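We use all heavy atoms of the structure for the numbers below, so side chains are in, but hydrogens, waters and symmetry mates are not. Each ligand, and each atom within it, is numbered from 1 in the order the structure gives. No experiment lies behind these values; they were computed from the predicted model shown.
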Amino acid sequence: MKMKKLISILLLGIFVSGLLVGCSSSSSDKKNGAATSIKESKKDNVNSFNKTNAQNGKKGKTLIVYYSATGNTKKVAKEIAKKTNGVLFELQPAKKYTTEDLDYNNPKSRVCKEHDHVNLQDVKLSETTVKDFKKAKVVILGYPIWWGKAAWPVNNFVKNNDFTGKTVIPFCTSASSEIGDSGKKLSQMAGTGKWQEGKRFSSDASEEEIQDWIKSLNLE
Ligand SMILES: Cc1cc2nc3c(=O)[nH]c(=O)nc-3n(C[C@H](O)[C@H](O)[C@H](O)COP(=O)(O)O)c2cc1C
């Protein structure tokens, strides 16, 4: 157990130092180092869920709201929606992030500037209001990890909705970082709702892992 923890700390250290190098150096090492380490598996593992298991919730009771810049969180969110018979809602920044915008090896990229200036993290969304939000009893909130925290495009959804009476369950995808206190920080931002411990998935999470997590939540 100790060895496992040590390995994950080492991996996280390597990843985060790669990010820091990116945002503070010239872009000569663009697309190398950490960028290679987060190259995502394109394997499509979305389609083979057992249909009977998937129908275990009343449609609309569980809402899966997510932001995904490069598709990993979206894949997990879709799988969760199937498994819970939930309704999916994708958060879309009014100004979409391009590949260049997401280049954390370039200190002049949009994400690097936003990372360095917290006021720029106030990302306007095309829509913060989710249809039938009031009906939902459970909100599962997904995001990628950016520099060890929840990618900030989820912030304006969290700040602009009232989660009173709802259970909120965060999940994230990341290359190596843990979910850390990202869920706790979002719960403080929201100020309402019963927030549960979150779950981190790897960028290419398996169906089984997602399925096991959903089972462990004991959603009705
Ligand atoms: C700007 C940026 C910062 C990132 N920071 C981290 C990080 O601190 N730790 C980590 O493990 N992964 C980090 N990643 C990798 C993403 O969390 C990972 O690839 C995630 O699965 C992407 O999800 P998405 O495809 O839904 O956007 C970062 C990626 C980007 C673009």
Just checking F163 against F157, ring centres under 6.0 Å apart?
yes
Looking only at the aromatic ring of each residue, does the gap between the centers of Y143 and W152 stay below 6.0 angstrom?
no
Nitrogen or oxygen atoms of A175 and ligand 1 under 3.5 Å apart:
yes
Atom indices of ligand 1 within 4.0 angstrom of S203 heavy atoms, with elements
18 (C), 19 (O), 20 (C), 21 (O)
Counting each atom of ligand 1 from 1 as listed, which ones have a heavy atom of S176 under 4.0 Å away?
10 (C), 11 (O)
D181 meets the salt bridge (Lys or Arg N to Asp or Glu O under 4.0 Å) criterion, sequence neighbours left out, with K185
Heavy-atom contacts under 4.0 Å between Y104 and ligand 1: side chain, backbone, both, or neither?
side chain
pair L219-V138: side-chain heavy atoms closer than 4.5 Å
yes
Hey, is D116 close enough to K113 for a salt bridge, meaning N to O under 4.0 Å?
no
Can you name the atoms of ligand 1, numbered from 1 with element, that are less than 4.0 Å from a heavy atom of T73?
23 (O), 24 (P), 26 (O)
Hey, looking at atom 17 (O) of ligand 1, which of N72, D204, I145 has the closest heavy atom?
I145
Could you work out, with salt bridge (Lys or Arg N to Asp or Glu O under 4.0 Å) as the rule, every residue matching K149, not counting sequence neighbours?
none
A69 neighbourhood, listing ligand 1 atoms whose heavy-atom distance to it stays under 4.0 Å
24 (P), 26 (O), 27 (O)
For ligand 1, which atoms sit closer than 4.0 Å to a heavy atom of S177?
7 (C), 8 (O), 9 (N), 10 (C), 11 (O)
Going by the order shown, which atoms of ligand 1 are within less than 4.0 Å of some heavy atom of G71?
24 (P), 25 (O), 26 (O)
Polar-atom distance check: G148 versus ligand 1, any N or O pair below 3.5 Å?
yes
Is the closest side-chain donor-acceptor distance between D122 and N156 under 3.5 Å?
yes
